[in-house]
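In what follows, a single structure is set out as structure tokens and then discussed.
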Amino acid sequence: LILKEVDSLLYVDTDILFLRPVDDIWAFLEDFNHTQIAGMAPEHEEPRIGWYNRFARHPYYGKTGINSGVMLMNMSRIRKKYFKNDMTNARLKWEDLLLPLFKKYKLNITWGDQDLLNIIFHQNPESLFIFPCQWNYRPDHCMYGSNCKAAEDEGIFVLHGNRGVYHDGKQPAFRAVYEAIKSYPFGNDPIRSLLHPLEKELQKTTNTYCGRIYQVFTRQLLKSLRTLQDKISRT
């Protein structure tokens with residue numbers, strides 16, 4: 001197992017944008033109970049559009065599976081744990097589990113590591129902490145209608161532009177956020193040079209389901225930027 005000296009680790013996909021300080025997701029480590037070793041968000045909130053519950057050919061976590069695009073890990077606990085599995089009656093350590101699991105299911109997995117994690121936590125559900133959906137907000141949360149209530153109430157905390165939506169025209173609200181951050185001239189006033197241009201672009205996306213609730217893309221971002229400005233003004 002690599003990173004043997006690391007106690008905790010946050011993995012994110014390369015298509016992740018933080019709209020809230022990254023420190024806040026680390027704080028979930030304090031919420032883990034004594035059995036939990038990792039935290040992830042559900043793959044879907046709405047089973048009717050779920051992928052795992054409709055198409056998976058292998059075990060998966062819970063009702064709709066989990067998404068590995070944002071994964072918080074207590075590495076110390078992972079190294080110590082012996083995992084239940086469906087290959088042997090003996091519990092296996094992480095480094096002894098992954099390759100045999102892959103060999104068993106390699107013809108049935110579609111999403112690589114995410115499928116393996118679903119299989120592992122299907123067998124060990126007590127080991128997983130579940131994030132609310134706004135910590136891994138994807139097009140599936142709005143492209144067929146809004147189904148992440150937490151984001152509606154508080155805004156998006158972590159935006160996940162999977163399926164290449166930052167670079168194509170399929171989900172223009174997601175692309176608008178990416179382009180606004182990409183174009184922001186660091187050092188300028190973030191409210192005027194980032195938030196306001198983003199709001200204008202999002203208002204052009206209201207012909208899409210995600211665009212109809214465009215405020216969820218800026219609600220938390222506004223709070224984060226105001227907090228940042230307050231900190232700067234006090235220094």
Side-chain angles (χ1 to χ4, degrees), residues 10-20 24-25 28 31-32 36-73 86 101 105 108-168 170-178 205 208-217 219-220:
L10 175 63
Y11 166 85
V12 297
D13 283 354
T14 57
D15 51 9
I16 292 293
L17 293 173
F18 282 88
L19 305 183
R20 178 170 173 163
D24 294 341
I25 196 168
F28 277 125
D31 296 330
F32 283 16
Q36 291 167 336
I37 63 172
M40 284 181 276
E43 173 67 10
H44 287 282
E45 299 295 310
E46 174 51 69
R48 288 177 296 177
I49 61 172
W51 193 92
Y52 283 105
N53 56 294
R54 292 188 296 158
F55 305 119
R57 295 181 293 153
H58 58 76
Y60 56 90
Y61 178 88
K63 293 182 178 180
T64 60
I66 46 175
N67 184 280
S68 62
V70 179
M71 183 177 179
L72 183 64
M73 292 168 271
D86 59 4
L101 200 64
Y105 286 104
N108 295 327
I109 63 175
T110 303
W111 307 114
D113 64 297
Q114 178 170 293
D115 289 349
L116 293 177
L117 289 166
N118 266 281
I119 296 167
I120 290 171
F121 288 109
H122 171 83
Q123 299 289 343
N124 301 268
E126 75 286 350
S127 297
L128 188 64
F129 178 90
I130 294 295
F131 297 145
C133 49
Q134 76 264 50
W135 290 96
N136 187 351
Y137 192 92
R138 284 160 281 118
D140 294 288
H141 289 119
C142 58
M143 62 189 293
Y144 303 114
S146 180
N147 60 70
C148 178
K149 184 64 166 56
E152 292 177 26
D153 294 340
E154 302 176 282
I156 298 167
F157 298 166
V158 179
L159 191 68
H160 187 174
N162 63 339
R163 303 192 186 121
V165 295
Y166 293 151
H167 307 290
D168 61 27
K170 294 180 179 179
Q171 297 299 330
F174 281 76
R175 182 166 183 171
V177 178
Y178 169 79
T205 71
T208 66
Y209 279 114
C210 294
R212 291 176 188 176
I213 54 167
Y214 69 86
Q215 294 92 345
V216 303
F217 292 87
R219 185 170 294 129
Q220 177 57 47

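All residue numbers refer to positions in the sequence shown, counting from 1.
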Between [X] and [Y], is any pair of side-chain heavy atoms under 4.5 Å apart?
X	Y	answer
Arg20	Glu154	no
Phe55	Thr110	no
Met71	Leu117	yes
Trp135	Val70	no
Val158	Asn136	no

Just wondering, more than 12 heavy atoms not from Trp51 lying within 6.0 Å of its CH2?
yes
Please say whether more than 12 non-hydrogen atoms of neighbouring residues, nucleotides or ligands are located less than 6.0 Å from OH in Tyr209.
no
Please lay out, stage by stage, how Arg138 and Asp15 fare under the test salt bridge (Lys or Arg N to Asp or Glu O under 4.0 Å).
CA-CA 10 Å; Arg138 284 160 281 118; Asp15 51 9; over 6 Å; no
From His122, Glu43, Arg57, Gln114, residue fulfilling side-chain hydrogen bond (donor to acceptor under 3.5 Å, both in side chains) relative to Tyr52:
Gln114
Nearest heavy-atom pair of [X] and [Y]: which atoms, and what distance?
X	Y	value
Arg219	Asp153	CD-O, 4.0 Å
Cys142	Asn147	N-ND2, 4.4 Å
Ile119	Pro59	CG1-O, 3.4 Å
Ile213	Tyr137	CD1-OH, 3.7 Å
Cys210	Phe174	SG-CE1, 4.0 Å
Asp168	Gln171	OD1-N, 4.2 Å

How about Cys133 and Cys148 - are their SG atoms less than 2.5 Å from one another?
yes
Before you tell me yes or no, could you show the steps for Asp13 and Tyr11 under side-chain hydrogen bond (donor to acceptor under 3.5 Å, both in side chains), namely the whole-Å CA-CA distance, both residues' side-chain angles and the distance that decides it to 0.1 Å?
CA-CA 7 Å; Asp13 283 354; Tyr11 166 85; 2.5 Å; yes
Classify the angle between the aromatic ring planes of Phe28 and Phe129 as parallel (below 30°), tilted (30 to 60°) or perpendicular (above 60°).
tilted
